[in-house]
Trainee: 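Shown below is the structure under consideration.
When a residue number appears, it is its place in the shown sequence, counting from 1.
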Amino acid sequence: MLRATRKLPSPNTAAVDSSTGDDDNDVEEVKDRKQPSLFSSNQTMNRYQNPTDNDGGNSSSSAPKSFEIGSSIEDTRSNNNSNSIMNFIQSKRGIVVIIASFILFLVAYSSSGEDLRSSSPAGLNTKGDGSLKKAHVFKQVSSKSTNNSNSNQSKEELVSPIYGLASLTPNEFRDIRTAKSNESVLLTGGLGFIGSHVVDLLLHRGFSVTILDDESNGHNHNKYCTEMVPNDITIVGNLPKFPSEGGEKEMHFTHVIHLAAAISVAESMNDPDKYERINYGGSEKVLDWIREYNQHVSSLGDYNQSAPTFIHKVVAASSAAIYGDPDPALLPLQETAPYGGLSPYADTKFRMEGLMREFVKKQNDHNHENAASSIPSASATALRFFNVYGPRQDPKNPYSGVLSLFLDAAVNGKDITILGDGLMTRDFVYVKDVARAIVMALLQEKEAEDASFSVYNVCTGKSITINTLAEQVKHSTESSSNITHLDPRDGDIRESSCNPNGAKNGMGFIAAMSQEGGLKKTTDWFRSERELRLRR
């Protein structure tokens, strides 16, 4: 059963190390966000707005029939001057009918609103079969252009969530279905930069979410999730306990997203053991736990609808760092390009993919050899993120992504510092597109009885130089910052461009956000965060 709110576990849980997965330059930490009241006056009003009523007062074609009666009576009065007394009486009756109909109209809306609020905080009703029926809820938000020459305001349509507080544009949940009854996701690294956006998307579509994180790289808590915090993926005892039949208060899962990781190329050069322990060893423990979870649930035998369910799919964060500094003849990079990693970070991510292949093979081998005692198998997908950017990326972390560092410098009037000559190329992909790719991969149905393994690039297919990025940041922020250059960093890749067709053909993913649009949204977020800090 889907639940909108859950109590957080005790903060006394053992504190250990886990991180949120990201690309080779990204970081996962921001300060806790203050969230508005669940039912602010604006949100409540917008929930009941008819999105097609742009004239501010015209009723739709579904308005009560009495409106037509009133109009007909008014026409009769205007065309029949010979009987003014009767027309007057009729017009009064028409007014009464209109008023009565309007009152009934308001009562119906009010009743509907109470049903929405009582069924879920996001304005969705749950039907008797447990599936979700969407109420068409939209909000209009204005976004001012940062370019002074453009005074026009662009409007975005926002759709309220099933659970949580994060309203999203249709593009931000494009091709993502609503949750089925009893679907529940375990998300490692869910407090981090990418993970927190995945949480928003899952809740928006009605999934039950459990976050497992050690808070080392993020603090984006969400009261609509169950949180296992601080817990470490490298310690078996910190992973969820297996459920028993019909245990309502016990955790059960249908899907797993594994983002917890150590995430910095530069740090991995100085501390390779940390990356071996977390990225390889921690991933191995998570995959072993999934296999044992399904074996345990299978051992329960016959079970009813309230019993635990099997885990059908695991999606994990890999990285474009595994391609290294490729031969220009291989660009733009496809998933078939050879391994060329230049850092322990890249090495551990590539070997994690090997663990996922072996995880799938072991399940299939077991079921082929033990047909009478086969267990449901979980498919696996590794996603190779290119340079991820967007809101909640913390510029204060020394291993943060380059775009967040540039924005932080620009909005604060500091020099924008480039490591190297700035001619390095990168494919920058917006974080909400990355979240969408993760959930699309998670919900991909198996095409055969056997489990399968797949790997996809997550990118836009468009690369720019770091020098160009710096100039774009200056323009977007209207900053007078100087652009300076320092020595290049060990392990950095010279040229990177990506072919997005694997993800497009394999799971239907196409990045929806343009680089210009994503930069603007990220700039707006940086400005708002800066204003909040100045007020404190």
Trainee: Using a 3.5 Å distance criterion without hydrogens, assess whether the side chain of Arg426 forms a donor-acceptor pair with backbone atoms of Ile493.
Mentor: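 Checked: pair present.
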Trainee: Return yes when atom NZ of Lys446 has more than 12 non-hydrogen atoms of other residues, nucleotides or ligands closer than 6.0 Å, and no otherwise.
Mentor: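 Result for NZ/Lys446: enclosed.
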Trainee: Okay, side chain of Asn220, backbone of Leu191: is any donor-acceptor separation there less than 3.5 Å?
Mentor: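 Present.
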Trainee: How are the rings of Tyr293 and Phe253 set to each other: parallel, tilted or perpendicular (split at 30° and 60°)?
Mentor: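 Taking Phe253 first and then Tyr293, their aromatic rings sit tilted (interplane angle of 30° to 60°).
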Trainee: Under 4.5 Å between any side-chain heavy atoms of Val198 and Leu187, yes or no?
Mentor: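 Side-chain contact under 4.5 Å: yes.
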Trainee: Nearest heavy-atom pair of Ile233 and Ser283: which atoms, and what distance?
Mentor: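 That would be CD1-N, 4.4 Å.
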Trainee: Phe406 vs Thr417, test: side-chain contact (heavy atoms from CB on, under 4.5 Å). Steps then yes/no.
Mentor: CA-CA 7 Å; Phe406 285 3; Thr417 303; 5.9 Å; no
Trainee: Might you point out which heavy atoms bring Tyr280 and Thr348 nearest each other, and give the distance in Å?
Mentor: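 Heavy atoms of Tyr280 and Thr348 come nearest at N-CB, 4.4 Å.
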Trainee: Output, in order, the C-alpha distance, side-chain angles, deciding distance and verdict of side-chain contact (heavy atoms from CB on, under 4.5 Å) for Glu353 and Ile322.
Mentor: CA-CA 10 Å; Glu353 292 183 8; Ile322 70 169; 3.8 Å; yes
Trainee: Within the side chain of Asp427, is there an N or O that forms a donor-acceptor pair under 3.5 Å with the backbone of Thr460?
Mentor: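 The answer is yes, because a donor-acceptor pair under 3.5 Å joins these two groups.
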Trainee: For Asp408, is there an ion pair with Arg530 - N to carboxylate O distance below 4.0 angstrom?
Mentor: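 So Arg530 does not pair with Asp408 through a salt bridge.
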Trainee: Going by distance alone, is a donor N or O of one side chain under 3.5 Å from an acceptor N or O of the other, for Thr425 and Thr465?
Mentor: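 Not at all, the side chains of Thr425 and Thr465 share no donor-acceptor pair under 3.5 Å.
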Trainee: If you take all heavy atoms of Ser343 and Ser268, which pair is closest and at what distance?
Mentor: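 Residues Ser343 and Ser268, closest heavy atoms: CB-OG, 3.7 Å.
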Trainee: Do Arg384 side-chain atoms and Glu335 backbone N/O form a donor-acceptor pair below 3.5 Å?
Mentor: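 It does hold such a pair.
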Trainee: Under 4.0 Å between a side-chain nitrogen and a carboxylate oxygen: does that hold for Arg277 and Asp273?
Mentor: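 Asp273 and Arg277: not salt-bridged.
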Trainee: Looking just at side-chain N and O atoms, do Gln515 and Gln472 make a donor-acceptor pair shorter than 3.5 Å?
Mentor: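 The answer is yes; a qualifying pair exists.
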Trainee: When you measure from the side chain of Asn294 to the backbone N and O of Phe310, does any donor-acceptor pair fall under 3.5 Å?
Mentor: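 No; judged by distance alone, with no hydrogens or angles, the pair does not exist.
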Trainee: Considering non-hydrogen atoms only, spot the tightest contact between Ala316 and Met352 and give its length.
Mentor: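 Closest approach of Ala316 to Met352: CB-CE, 3.9 Å.
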Trainee: Check this for me: does any side-chain nitrogen of one of Lys285 and Asp288 sit under 4.0 Å from a carboxylate oxygen of the other?
Mentor: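 Result for this pair is no, no salt bridge flagged.
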Trainee: Donor-acceptor check, side chain of Ser481 to backbone of Lys414, threshold 3.5 angstrom: yes or no?
Mentor: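 Yes.
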Trainee: Going from CG on Leu333 to OG1 on Thr336, what distance comes out if it is rounded to the nearest 0.5 angstrom?
Mentor: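 Those atoms lie 9.0 Å apart.
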Trainee: Write down the atom of Ser400, the atom of Leu405, and the distance for their closest heavy-atom approach.
Mentor: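 Minimum heavy-atom contact is O-CD1, 3.8 Å.
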Trainee: Do His312 and Glu183 pair up side chain to side chain, a donor and an acceptor below 3.5 Å, judged on atom types alone?
Mentor: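 There is no such pair between these side chains.
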Trainee: Could you report the tightest heavy-atom contact between Asn457 and Asn499, atom names first, then the distance?
Mentor: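 So the minimum-distance heavy-atom pair works out to ND2-O, 3.6 Å.
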Trainee: Please state whether the rings of Tyr389 and Phe428 are parallel, tilted or perpendicular, taking 30° and 60° as the class boundaries.
Mentor: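 Rings of Tyr389 and Phe428: perpendicular, over 60°.
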Trainee: When you check the gap from the basic side-chain N to the acidic O, do Asp421 and Arg494 get nearer than 4.0 Å?
Mentor: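 Salt bridge flag = yes for Arg494 with Asp421.
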Trainee: Please examine the side chains of Met228 and Ile211, heavy atoms only from C-beta on, and report whether any two atoms are closer than 4.5 Å.
Mentor: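 No, their side chains stay 4.5 Å or more apart.
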Trainee: Does a side-chain heavy-atom distance below 4.5 Å link Glu215 with Val229?
Mentor: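 Touching, per the 4.5 Å side-chain cut-off.
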Trainee: Got a second to check how far Leu469's CG is from Ile464's CD1, nearest 0.5 Å?
Mentor: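 Here the interatomic distance stands at 4.5 Å.
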Trainee: Report all side-chain donor-acceptor pairs from residues 429-444 shorter than 3.5 Å, counting only partners two or more places apart or in another chain.
Mentor:
from   : atom 1 : to     : atom 2 : distance (Å)
Lys432 : NZ     : His197 : ND1    : 3.3
Asp433 : OD1    : Arg436 : NH2    : 3.4
Asp433 : OD1    : Ala512 : N      : 3.1
Asp433 : OD2    : Ala512 : N      : 3.1
Asp433 : OD2    : Met513 : N      : 2.9
Arg436 : NE     : Asn171 : O      : 3.4
Arg436 : NH2    : Ile510 : O      : 2.5
Gln444 : NE2    : Gly506 : O      : 2.5

Trainee: Once rounded to the nearest 0.5 Å, what's the spacing between atom OG of Ser452 and atom NZ of Lys313?
Mentor: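 Reported value, rounded in 0.5 Å steps: 6.5 Å.
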Trainee: Distance-only, no hydrogens or angles: does the Thr477 side chain make a donor-acceptor pair with backbone N or O of Ala410 under 3.5 Å?
Mentor: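 No; zero donor-acceptor contacts below 3.5 Å.
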Trainee: Measure the CE-NE2 distance between Met356 and His258 for me, rounded to the nearest 0.5 Å.
Mentor: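 Between Met356 CE and His258 NE2, I get 8.0 Å after rounding to 0.5 Å.
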Trainee: Show the numbers, then the answer: is there a side-chain contact (heavy atoms from CB on, under 4.5 Å) between Leu203 and Asn222?
Mentor: CA-CA 10 Å; Leu203 292 175; Asn222 194 310; 3.6 Å; yes
Trainee: Can you confirm whether Phe386 sits close enough to Val458 that some side-chain heavy atom of one is under 4.5 Å from a side-chain heavy atom of the other?
Mentor: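 No, every pair of side-chain atoms sits at 4.5 Å or beyond.
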Trainee: Any non-hydrogen side-chain atom of Leu342 less than 4.5 Å from a side-chain atom of Asp325?
Mentor: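 Side-chain contact under 4.5 Å: yes.
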Trainee: Below 6.0 angstrom between ring centroids: does that apply to Tyr339 and Phe350?
Mentor: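 Here the rings of Phe350 and Tyr339 have centres that are less than 6.0 Å from each other.
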Trainee: Could you check whether any side-chain heavy atom of Trp289 comes within less than 4.5 Å of a side-chain heavy atom of Pro240, counting everything from C-beta outward?
Mentor: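 Answer yes - side chains close enough.
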Trainee: Please tell me if the side chains of Ser379 and Val360 come closer than 4.5 Å, counting only heavy atoms from C-beta onward.
Mentor: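 The answer is no; the side chains never approach within 4.5 Å.
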Trainee: State whether the side chain of Ser184 and the backbone N or O of Thr254 hold a donor-acceptor pair below 3.5 Å, judged by distance alone.
Mentor: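 Not a single qualifying donor-acceptor pair exists.
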Trainee: Has Thr234 got a side-chain atom pairing as donor or acceptor with Gly282's backbone, closer than 3.5 angstrom?
Mentor: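 Not confirmed, Thr234 side chain does not pair with Gly282 backbone.
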Trainee: What verdict does the side-chain contact (heavy atoms from CB on, under 4.5 Å) test give for Tyr224 and Val209, after you've listed the backbone C-alpha separation in whole Å, the side-chain angles of each residue and the deciding distance to 0.1 Å?
Mentor: CA-CA 8 Å; Tyr224 292 91; Val209 180; over 6 Å; no
Trainee: Which value, rounded to the nearest 0.5 Å, describes the distance between Ile257 atom CD1 and Thr188 atom OG1?
Mentor: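 One gets 9.0 Å once the value is rounded to the nearest 0.5 Å.
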Trainee: In Å and rounded to the nearest 0.5 Å, what is the CG to CG distance from Leu355 to Leu287?
Mentor: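 Rounded to the nearest 0.5 Å, the CG-CG separation comes to 6.5 Å.
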Trainee: Please determine whether the number of non-hydrogen atoms from other residues, nucleotides or ligands lying under 6.0 Å from atom NZ of Lys504 exceeds 12.
Mentor: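 Atom NZ in Lys504 is not packed in, count stays at 12 or less.
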Trainee: One thing to verify: whether Arg351 and Glu358 come together as a salt bridge, which I'm taking to mean a side-chain N less than 4.0 angstrom from a carboxylate O.
Mentor: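 Salt bridge: no.
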Trainee: Using atom types as modelled and distance alone, determine if a side-chain donor or acceptor of His485 lies under 3.5 Å from a backbone N or O of Gly420.
Mentor: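 Yes, because the side chain of His485 sits within donor-acceptor range (under 3.5 Å) of the backbone of Gly420.
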Trainee: How would you list all residue pairs meeting salt bridge (Lys or Arg N to Asp or Glu O under 4.0 Å) that involve residues 256-267, not counting sequence neighbours?
Mentor: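 Matches after skipping sequence neighbours: Glu267-Lys274.
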Trainee: Would you call Ile194 and Phe385 a side-chain contact if the rule is heavy atoms closer than 4.5 Å?
Mentor: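 Yes, close enough: below the 4.5 Å cut-off.
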